[in-house]
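Let me begin by presenting the structure, written as structure tokens, before commenting on it.
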Amino acid sequence: MTEARQIIIIGSGPAGLTAAIYASRAQLAPLVIEGEPSSNSDQPGGQLMLTTDVENYPGFVDGVMGPELMVAFREQAARFGTDYVTAKVSRVDLSARPFGLWVGDPDASDPTYTAEALIVATGAKSLMLQLPNEERLLGYGVSTCATCDGFFFRGHEIAVVGGGDSALEEAIFLTRFADKVTLIHRRGELRASKVMRKRAHANPKIEFLWHTSVIDVLGDKKVQSIKIRNNETGEESVLPVTGLFVAIGHQPNTAIFKGQLDMEDSGYLQTLGTTTYTNVEGVFACGDVQDHRYRQAVTAAGSGCMAAIDAERWLEDQAASRH
Ligand code: NAP
């Protein structure tokens with residue numbers, strides 16, 4: 001049985017849930033397909049579910065726990081009539097309206113849902129090193145966001161992994177707080193731009209560890225050290241750091257939209273000008289799935305608001321043109 005909805009939001013991070021608050025207050029009774037608690041990219045609530053203290057979300061003088069903030073977003077949207085389903089979308093058909101969405105078997109002949117308008121807020125995931133203890137210590141010394149967590153490492157010695165612009169930007173930013181930042185790169189040459197390389201090399205708090213891979217992160221409740229290996233000699237050693245920032249890139253969650261929505265080579269969805277319109281009329285995108293520049297909870301929430309307003313006005317125009 002296919003369930004027909006006026007508006008469906010895929011994703012339940014700050015972007016998707018802010019879109020839900022606005023859409024439900026506009027009486028559109030949105031359905032949020034919130035993901036599945038299976039991996040670091042699909043869990044309901046998005047990336048904030050993997051962080052602890054959030055101190056840069058406006059309105060919380062003493063900070064707020066990431067999961068607590070997302071529960072509040074969720075309840076706020078529910079209060080105005082948002083429906084939720086905990087599931088993962090396996091296929092979409094955006095070739096005709098209403099759009100078709102499949103949950104579960106992507107080969108089923110009928111879609112699970114249809115939607116007149118669709119808001120894509122599927123976010124992005126940080127690429128991780130896949131270390132044995134990395135996921136367990138995420139939020140307890142392992143971080144993927146220097147802007148979010150740097151403040152907690154005042155006076156500490158920490159490490160950043162990666163050789164691209166993100167890694168250098170994070171390392172430079174972290175020197176505001178940390179006494180020492182060790183930049184660990186697997187090769188002997190950085191991928192980052194010249195200007196960033198120059199800036200990082202000129203920073204006396206940054207030390208480079210070349211041809212080195214992190215092979216595990218150690219600590220009972222918090223990071224106490226990392227295990228590293230020299231890729232040229234094979235020699236293994238332990239580096240005593242209290243923080244490990246993984247900055248090896250991000251990947252937007254756009255696989256199900258390939259060939260249907262315009263995206264950059266890197267997979268990020270393209271939106272039109274300063275709006276949340278995609279190339280398919282009636283489909284809007286917000287949050288990290290279309291933003292590799294800012295990637296903040298507050299900017300994601302802002303663009304979620306924009307997507308709901310864009311969708312609401314578009315639905316109104318559709319209704320007006322039918323009369
Ligand atoms: P990136 O350019 O793809 O760099 C990723 C880095 O992580 C590379 O040095 C790579 O090593 C390393 N890496 C990847 N997988 C790894 C693994 N499993 N173990 C260890 N190291 C690994 O990603 P990014 O730095 O996030 O940048 C993405 C894009 O955004 C780039 O175009 C960048 O210029 C842009 N950006 C710009 C700015 C800025 O201009 N301020 C800031 C941030 C990002 P290899 O070099 O050996 O492949």
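Just follow the structure's listing: the first ligand is 1, and inside any ligand the first atom is 1. Index from 1, following the sequence. Source: prediction; values computed, not measured.
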Set of salt bridge (charged side-chain N to carboxylate O under 4.0 Å, His left out) partners for E236, sequence neighbours left out | none
Electrostatic pair R5:D83 at N-O distance under 4.0 angstrom = yes
For Y57, what residues pass the ring-ring contact (aromatic ring centres under 6.0 Å, His included) criterion, not counting sequence neighbours?
-> F73
Between the CD atom in Q290 and the OG1 atom in T254, the distance rounded to the nearest 0.5 Å is 12.0 Å
What are the atom names and distances for all N or O pairs under 3.5 Å between ligand 1 and the protein?
unit_1   : atom_1 : unit_2 : atom_2 : d
ligand 1 : 9 (O)  : G163   : N      : 3.0
ligand 1 : 9 (O)  : G164   : N      : 3.3
ligand 1 : 11 (O) : R186   : NE     : 3.2
ligand 1 : 11 (O) : R186   : NH2    : 3.4
ligand 1 : 25 (O) : D165   : N      : 3.3
ligand 1 : 25 (O) : S166   : N      : 2.9
ligand 1 : 25 (O) : S166   : OG     : 3.2
ligand 1 : 26 (O) : S166   : OG     : 2.6
ligand 1 : 34 (O) : D165   : OD2    : 2.6
ligand 1 : 41 (N) : E169   : OE2    : 2.8
ligand 1 : 46 (O) : R187   : NE     : 3.4
ligand 1 : 46 (O) : R187   : NH2    : 2.8
ligand 1 : 46 (O) : R191   : NE     : 3.0
ligand 1 : 46 (O) : R191   : NH2    : 3.4
ligand 1 : 47 (O) : R186   : NE     : 2.9
ligand 1 : 47 (O) : R187   : NE     : 2.7
ligand 1 : 48 (O) : R186   : NH2    : 3.0
ligand 1 : 48 (O) : R191   : NE     : 3.3
ligand 1 : 48 (O) : R191   : NH2    : 2.6

Can you get from Y22 to L69 by hopping between Ile, Leu, Val, Met, Phe, Trp and Tyr side chains that sit under 4.5 Å apart?
-> no
Determine which pairs satisfy ring-ring contact (aromatic ring centres under 6.0 Å, His included) with at least one residue from residues 212-267, sequence neighbours left out, and list them in order.
-> F153-F245
